[in-house]
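Lettering follows sequence order; numbering is per chain, from 1. None of these values were measured; they are calculated from a predicted model.
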Amino acid sequence: MTVRVRFAPSPTGYLHIGGARTALYNYLYAKATGGTFILRIEDTDLERSKSEYETLQIDDLKWLGIFHDEGPDKPGKFGPYRQSERLEIYMKYANLLIEQGKAYYDFCTEEELEAMKEKAAAEGRDPIYQGKWKDPAFHAEALQKIAAGEKPAIRFRAPKKAYTLNDKVKGSVTYPEGMVGDFVIVRSNGLPVYNYCCVVDDMLMEITHVIRGEDHLNNTVRQLMIYEALNSKIPEFAHVSLLIGHDRQKLSKRHGATSVNLYRNEHYLPEAMCNYLCLLGWSHPEERDIFNKEDLFKVFSLDRFSAHAAMYDLEKLKWVNGEHLKKMSTIDLITLIEKEPETEFFSKQSQDWKNACVELLKKYASFVTDFPKLVNELILNENPEMTDPLKEIMAWETTPKILSFIKEKVDSVESEFVTEAELNSWMESVKKDMGVKGKPLFMGVRAALTGHDHGPDLKFLIPLTPVTILRNRVHQLSK
RNA sequence: GCUCCCAUCGUCUAGCCCGGUCUAGGACAUCGCCUUUUCACGGCGGUAACAGGGGUUCGAAUCCCCUUGGGAGUACCA
């Protein structure tokens with residue numbers, strides 16, 4: 001049996017981090033088993049669904065490197081892949097269920113339903129439908145009403161028994177008898193409802209494994225009932241724990257950046273994003289933290305999920321991104337950096353300069369966007385800020401001497417950049433002629449040339465800095 | 001309220017299914033030290049967790065029960 005899995009988002013907004021994670025798990029499972037990954041659009045809620053969001057979500061999925069084998073934009077023999085285009089299919093099965101007495105027409109008004117719910121709440125139990133239409137004796141009357149143009153909802157007759165699910169991550173889950181009452185599968189406006197469509201589609205699309213968020217765990221009992229009524233095979237289920245924010249609440253917009261496109265705009269590396277998302281609730285068999293998709297294709301399985309919710313934490317994502325950044329080739333990094341805004345100076349430099357610059361700075365960068373920032377701060381900044389540590393260095397008795405010596409040297413340089421050898425010779429001179437060594441020497445020179453009390457290795461940093469800028473700094477500090 | 005799910009360092013987790021090898025391992029963060037004649041690199045190390053209580057057992061992080069805490073569902077949303 002070949003594996004068929006699906007990701008079924010509703011196009012009601014941007015692709016959410018949590019959605020991306022479930023999509024990723026489905027994709028990885030398909031890849032790991034040689035199966036098929038299907039994208040299905042769940043757009044039966046006409047009011048909230050927008051087709052732009054479908055496009056945007058597919059776009060974000062592609063950016064993450066999560067590619068589907070079948071979907072609305074990639075028709076296969078199980079299509080169509082938008083629920084809004086499958087309405088006749090749902091009606092066909094709904095009618096079948098009615099014929100078999102497994103579902104019935106319901107003409108109850110909102111008020112009647114509301115009254116039932118209140119009564120149930122007062123009695124401290126879950127609301128269970130108790131309208132008269134449940135009674136098969138009213139079927140004929142229902143047909144008459146329909147003939148007269150009235151629009152009923154179709155309600156599924158929930159069997160009175162307990163259900164047990166053997167979930168891949170939660171283990172054995174028991175839904176007691178009476179947990180849910182008869183529920184609507186087709187609204188009175190003719191549109192079918194999620195729990196019903198989902199089952200019909202998963203059945204028809206021959207889905208073998210349903211990997212989705214834990215928020216669906218309670219829905220599953222309804223779905224189990226429908227599978228049974230439809231005499232369908234029941235897929236395996238894996239209910240992955242939810243992502244939570246710092247307040248331990250389900251991750252939502254108020255937790256800040258929860259849409260994938262936000263990270264995409266900030267130029268996070270998609271591989272890093274997937275790496276981190278995968279780590280949230282799943283562990284590598286060798287306890288590795290950094291991996292790419294190809295690694296995962298070999299080892300991904302459904303038995304390494306943790307059962308509890310995971311907190312979405314930017315700190316670790318930052319580290320993962322930095323690790324992926326360091327693994328990239330210099331040439332690829334340069335290409336990415338040049339796509340960033342405010343990289344005119346960087347782009348104008350020679351290939352050797354760029355290579356040296358990236359080699360030096362990538363140790364300190366976590367994000368691609370850090371490069372322009374670092375270049376600005378470390379190389380292009382012409383106005384030394386008199387911080388306390390800098391003041392302290394300037395106050396040392398050796399510093400003014402170093403400063404005036406360096407000023408003289410920098411003024412006499414005619415080339416665009418100082419070489420490492422030149423810098424070394426200056427240091428040698430200070431050491432020999434002034435008898436300054438160790439910390440006063442290095443810190444003095446560093447302060448004079450960079451205006452900072454700390455930073456990357458001088459012998460690498462200074463040759464990357466234009467002499468004109470060096471000169472400006474030294475002159476300002478000499479005042 | 002009711003039903004379901006969950007519970008190991010601040011965070012992500014390993015271990016749990018198949019009790020002993022766990023004075024509980026790793027990673028992020030944090031702190032310290034070392035090295036680098038400077039430094040935001042690097043190296044080494046530290047702090048830090050089995051929610052509580054009962055059982056079962058020679059032995060429990062691991063199995064069972066209760067409590068507490070957290071989450072989800074409870075729609076003619078998905």
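Atom OH in A/Tyr196 sits roughly 17 Å away from atom C1' in B/A78 (whole-Å rounding). Rounded to a whole Å, the CE atom of A/Met311 is 15 Å from the P atom of B/A7. Summarising the geometry, the separation between NZ on A/Lys168 and P on B/C5 is reported as 18 Å, rounded to the nearest angstrom. Taking atom CD of residue A/Glu177 and atom C1' of nucleotide B/C4, one finds them 16 Å apart after rounding to whole Å. A/Glu286 has its CD atom 15 Å from the P atom of B/A27, to the nearest Å. At whole-Å resolution of the value, CZ in A/Phe237 and P in B/C5 are 16 Å apart. The distance between atom OH of A/Tyr104 and atom P of B/C76, rounded to the nearest whole Å, is 11 Å. Separating the CG atom of A/Leu279 from the P atom of B/A14 is a distance of 10 Å, rounded to the nearest angstrom.
Toward the 5' end of RNA chain B, the nearer of the two residues A/Ala309 and A/Thr174, judged by each one's closest nucleotide, is A/Thr174. Comparing A/Trp282 and A/Glu315 by the nucleotide of RNA chain B that holds the closest heavy atom to each, the one mapping nearer the 5' end is A/Trp282.
Contact check, A/Ser188 against B/C76: no side-chain N or O comes under 4.0 Å of OP1 or OP2. For the pair A/Gln249 and B/G71, the criterion of a side-chain N or O lying under 4.0 Å from OP1 or OP2 is met. Close to B/C76, at under 4.0 Å from its OP1 or OP2, lies a side-chain N or O of A/Arg155. Remark: A/Ser283 is not in phosphate contact with B/U13, judged by side-chain N or O atoms under 4.0 Å from OP1 or OP2. Taking only side-chain nitrogens and oxygens, A/His308 comes nearer than 4.0 Å to OP1 or OP2 of B/U13. Between A/Arg248 and B/G10 there is no side-chain polar atom (N or O) within less than 4.0 angstrom of OP1 or OP2.
Nucleotides B/G25 and B/A49 are separated by 12 Å at their C1' atoms, to the nearest Å. For the C1' atom pair drawn from B/C77 and B/G69, the interatomic distance equals 29 Å after rounding to whole Å. Distance check on atom P: B/U30 versus B/U68 gives 38 Å, rounded to whole Å. Nucleotides B/A7 and B/G15, compared at atom C1', are 15 Å apart to the nearest Å. For B/C28 and B/G20, the P atoms lie 28 Å apart once the distance is rounded to whole Å. Taking the C1' atom of each, B/U23 and B/C9 are spaced 16 Å apart, rounded to whole Å. Going from the P atom of B/C64 to that of B/C16 covers 14 Å, rounded to whole Å.
A/Arg212 comes within contact range of no nucleotide atom at all, as no heavy-atom separation falls under 4.0 Å. Within the 4.0 angstrom heavy-atom criterion, no nucleotide atom of any strand lies near A/Thr12. A/Leu113 comes within contact range of at least one nucleobase, with a heavy-atom separation under 4.0 Å. Among the heavy atoms of the strands lying under 4.0 Å from A/Thr44 are primed sugar atoms or P, OP1, OP2 only; no base atom is included. Counting any heavy atom pair closer than 4.0 Å across all strands shown, A/Gly171 reaches no nucleic acid atom. Among the heavy atoms of the strands lying under 4.0 Å from A/Cys108 is at least one base atom, whether or not backbone atoms are also near.
Across all strands shown, B/C2 forms a Watson-Crick or G-U wobble pair with B/G73, both key distances being under 3.5 Å. Pairing for B/C63 is with B/G55, a Watson-Crick or G-U wobble pair whose two hydrogen-bonding atom distances lie under 3.5 Å. Applying the Watson-Crick and G-U wobble criteria (two distances, each under 3.5 Å), B/G10 pairs with B/C28. In a base pair of the Watson-Crick type (N1 to N3 plus N6-O4 or O6-N4) or a G-U wobble (N1-O2 and O6-N3), with each distance short of 3.5 Å, B/G42 is matched with B/C34.
Looking at the side chain of A/Asn195, the nearest of the listed nucleotides B/C5, B/A78, B/C28 is B/A78. Listed candidates were B/C77, B/C28, B/C5. Nearest to the side chain of A/Arg48 is B/C77. Considering only the side chain of A/Lys170, B/C5 comes nearest among B/A7, B/C76, B/C5. Which of B/A78, B/A72, B/U13 sits closest to the side chain of A/Leu242 comes down to B/A72.
Here the straight-line distance linking atom CG of A/Leu333 with atom CG of A/Asn355 works out to 10.5 Å at 0.5 Å rounding.
Sorted by first and then second residue, the pairs that involve residues 276-290 of chain A and meet side chain to side chain donor-acceptor pair (under 3.5 Å), not counting sequence neighbours, are A/Ser283-A/Arg304, A/Arg288-A/Asp295. Pairs engaging residues 441-465 of chain A under the ring pair (Phe, Tyr, Trp, His ring centres under 6.0 Å) rule: none recorded [sequence neighbours left out].
Using modelled atom types, no side-chain atom of A/Asn321 and backbone atom of A/Leu317 make a donor-acceptor pair closer than 3.5 Å.
Under the rule for a ring-ring contact (aromatic ring centres under 6.0 Å, His included), A/His308 has no partner lying at least two apart in sequence or in another chain. With sequence neighbours excluded, no residue forms a ring-ring contact (aromatic ring centres under 6.0 Å, His included) with A/Phe405. Partners of A/Lys293 under the salt bridge (Lys or Arg N to Asp or Glu O under 4.0 Å) rule, at least two apart in sequence or in another chain, are A/Glu271. By the salt bridge (Lys or Arg N to Asp or Glu O under 4.0 Å) test, A/Lys102 is found to be paired with no residue, residues two or more places apart in sequence or in another chain being considered. Residues forming a side chain to side chain contact (heavy atoms under 4.5 Å, CB included) with A/Glu359 (at least two apart in sequence, or on another chain): A/Thr330, A/Lys362. The ring-ring contact (aromatic ring centres under 6.0 Å, His included) check on A/Phe367 picks up A/Tyr268, with sequence neighbours excluded. Every residue two or more places apart in sequence or in another chain that forms a side chain to side chain contact (heavy atoms under 4.5 Å, CB included) with A/Glu141 is listed here: A/Lys132, A/Trp133, A/Phe138, A/Lys145.
Between A/Phe237 and A/Tyr227, the ring planes lie perpendicular to each other; the angle is over 60°, past the 30° to 60° tilted range.
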Below 3.5 Å is the cut-off: list the nitrogen or oxygen pairs between protein and nucleotides 73-75 of chain B, distance only.
residue : atom : partner  : partner atom : Å
B/G73   : O4'  : A/Asn218 : ND2          : 3.4

Contact list (N/O, under 3.5 angstrom) for nucleotides 22-26 of chain B vs protein:
residue : atom : partner  : partner atom : Å
B/G25   : N2   : A/Glu287 : OE1          : 2.5

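Side-chain atoms of A/Ser241 stay outside donor-acceptor range of the base of B/C6, with no qualifying N/O pair under 3.5 Å.
Heavy-atom neighbours of A/Lys134 NZ from other residues, nucleotides or ligands within 6.0 Å: above the threshold of 12.
Ring-centre distance between A/Phe346 and A/Phe371: not below the 6.0 Å cut-off.
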Exercise. How does protein reach along nucleotides 30-45 of chain B, written 5' to 3' as B (base within reach of a heavy atom under 4.0 Å), S (only sugar-phosphate), or - (no contact)?
Worked result: -------BBBBS----
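Residue A/His239 is tested with A/Lys168, A/Glu214, A/Lys170, A/Arg212 for a side chain to side chain donor-acceptor pair (under 3.5 Å); the sole match is A/Arg212.
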